[in-house]
Amino acid sequence: MKATIIGTGSYIPEYILTNQELSTMVETDDEWIVTRTGISERRIQKSGDVADMAVNAALKALDNAGINSEDIDLIIAATSTPDYLFPNCSSIIQKNTGAINAVCFDISAACSGFIMALSAAKAYIEAGMYKKVLIVCSEKMSGITDWKDRSTCILFGDGAGACVVESSEQEGVKSVDLHNEGMLGEVLTAKRNENIVMNGQEVFKFAVKKVPQSILQTLEAANLTTEDIDWYLFHQANARITATIAKRLKVPDEKIPMNVDKCGNTSAASVAILLDEVNRKGMLKKGDKLMLAGFGSGLTWGTMAIEWGI
Ligand code: UT7
């Protein structure tokens, strides 16, 4: 059997933290943030748990897929900001969605979490082990942000994205390319009970070099070209990173939906939230080819080619 995505959902908290408000907290201004990152505002979860956002997104994905929670046989949560060391976030999602027949585990792969989770779902489904997998990515980046560090506090936001992957005779989740360079891990860290520490320029250079290479590998494995892809859904870290990758691959802006301006960087949740947004806007047609890309702390990165609606 093959794997295909049959539904998506997302949740972003109500509170909007604007660049204007940030400029009252640290020495910065709207123009600097917009020019350097493309971010105008981000959402902050003022109260509640990471799992609350996850459950909200998960229920929407189940509804969008048109299936009951009891039908899910595996839940994979991707988060770097879990509420508990244990139980895992996916078990809390099981409890609060009534997915009583699911096995649950979490993936910690920072901003590559959604791609890693989707690739795990693909592998389990293709191995014949599970048939319906719920993937939920939820992050409360505001809880590990140093609100006195202007080089990082402007970047991150909170939110959750989810999707349901099902076994199918059609290959919806086509090819995957995953990488890791733990040797460079110190450029982006958050130690337990401490905040994010980042060398932004190094992360920037890594992303614009490695992501295009990975996309080309994924395309080759799926027997596709850059022109064949209808939509490029990049991890929403910085609009300049996305623009540089697009330029290197000669991909036009119209094929690159963005929400970093409104959501900031929501780590593992970012591509999942974006996928739900474009799905709900009706932008995805049956047979459309999508390229998903995640990159971040680890260092981890990965890309994935999807055929939509089959
Ligand atoms: O999921 C992956 C997560 N991480 C990322 O995606 C990070 C990727 N990197 C970036 O997005 C960029 O490197 C940043 C947005 C973090 C920084 O942009 P940059 O163009 O690399 O700026 P910079 O670090 O080279 O700093 C340039 C100047 C410095 O001042 P001086 O030394 O030139 O006087 C900084 O102190 O900008 C200053 N600066 C700021 N100024 C106003 C740094 N942050 C701010 C700020 N407001 N918020």
Side-chain angles (χ1 to χ4, degrees), residues 17-42 78-81 107-117 137-159 161 178-182 184-190 195-212 214 233-246 248 256 258-261 263-274 292-303:
L17 175 59
T18 61
N19 289 350
Q20 168 58 35
E21 186 179 346
L22 270 172
S23 70
T24 66
M25 297 157 62
V26 287
E27 200 182 326
T28 190
D29 57 74
D30 180 61
E31 196 200 337
W32 192 97
I33 302 173
V34 171
T35 313
R36 300 284 181 132
T37 70
I39 301 168
S40 297
E41 57 192 45
R42 66 291 289 145
T79 181
S80 298
T81 53
I107 281 182
S108 167
C111 308
S112 305
F114 183 49
I115 309 296
M116 298 281 184
C137 308
S138 187
E139 299 279 23
K140 186 168 181 162
M141 301 306 286
S142 60
I144 55 167
T145 295
D146 178 353
W147 293 104
K148 293 191 176 69
D149 176 9
R150 68 177 181 171
S151 69
T152 55
C153 74
I154 56 157
L155 296 173
F156 297 97
D158 303 337
L178 306 174
H179 294 275
N180 228 91
E181 243 177 79
L184 301 177
E186 74 280 0
V187 303
L188 178 50
T189 61
N195 291 323
I196 298 167
V197 179
M198 182 179 73
N199 180 333
Q201 290 190 354
E202 288 304 317
V203 177
F204 195 111
K205 281 191 273 181
F206 139 74
V208 300
K209 182 174 173 205
K210 298 294 188 180
V211 174
S214 176
L233 273 59
F234 293 114
H235 168 48
Q236 301 291 291
N238 180 326
R240 283 194 299 136
I241 293 180
T242 311
T244 309
I245 295 171
R248 291 193 173 173
I256 308 174
M258 298 288 292
N259 67 12
V260 73
D261 54 327
C263 293
N265 179 345
T266 56
S267 192
S270 97
V271 179
I273 294 172
L274 188 63
L292 313 185
F295 53 86
S297 178
L299 297 173
T300 58
W301 68 104
T303 59

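When a ligand or atom number is given, it counts from 1 through the structure's own listing order.
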Please tabulate protein-ligand N/O pairs under 3.5 Å for ligand 1, atom names and distances to 0.1 Å.
residue  : atom   : partner : partner atom : Å
ligand 1 : 1 (O)  : H235    : NE2          : 2.9
ligand 1 : 1 (O)  : N265    : ND2          : 3.0
ligand 1 : 9 (N)  : G200    : O            : 2.9
ligand 1 : 11 (O) : N238    : ND2          : 2.7
ligand 1 : 13 (O) : G200    : O            : 3.4
ligand 1 : 20 (O) : R36     : NH1          : 2.7
ligand 1 : 20 (O) : R240    : NH2          : 3.0
ligand 1 : 22 (O) : R36     : NH1          : 3.4
ligand 1 : 25 (O) : Q201    : NE2          : 2.4
ligand 1 : 36 (O) : R150    : NH2          : 3.0
ligand 1 : 37 (O) : W32     : NE1          : 3.4
ligand 1 : 41 (N) : W32     : NE1          : 3.4
ligand 1 : 41 (N) : R150    : NH1          : 3.4
ligand 1 : 47 (N) : T28     : OG1          : 2.7
ligand 1 : 48 (N) : T28     : OG1          : 3.1
ligand 1 : 48 (N) : R150    : O            : 2.9

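Contact of the K210 side chain with the E181 side chain is registered, since non-hydrogen atoms from C-beta on lie closer than 4.5 Å.
Applying the ring-ring contact (aromatic ring centres under 6.0 Å, His included) rule to F156 yields no partners; only residues at least two apart in sequence or on another chain are considered. Listed by chain and residue number, V211, F234, T303 satisfy the side chain to side chain contact (heavy atoms under 4.5 Å, CB included) test with A293 (two or more places apart in sequence, or in another chain). Under the rule for a side chain to side chain donor-acceptor pair (under 3.5 Å), the partners of T300 that lie at least two apart in sequence or sit in another chain are S112.
Aromatic ring pairs are classed by plane angle as parallel below 30°, tilted from 30° to 60° and perpendicular above 60°; the pair F206 and W301 is perpendicular.
Side-chain atoms of E139 and T266 form no donor-acceptor pair, as typed in the model, at a separation below 3.5 Å.
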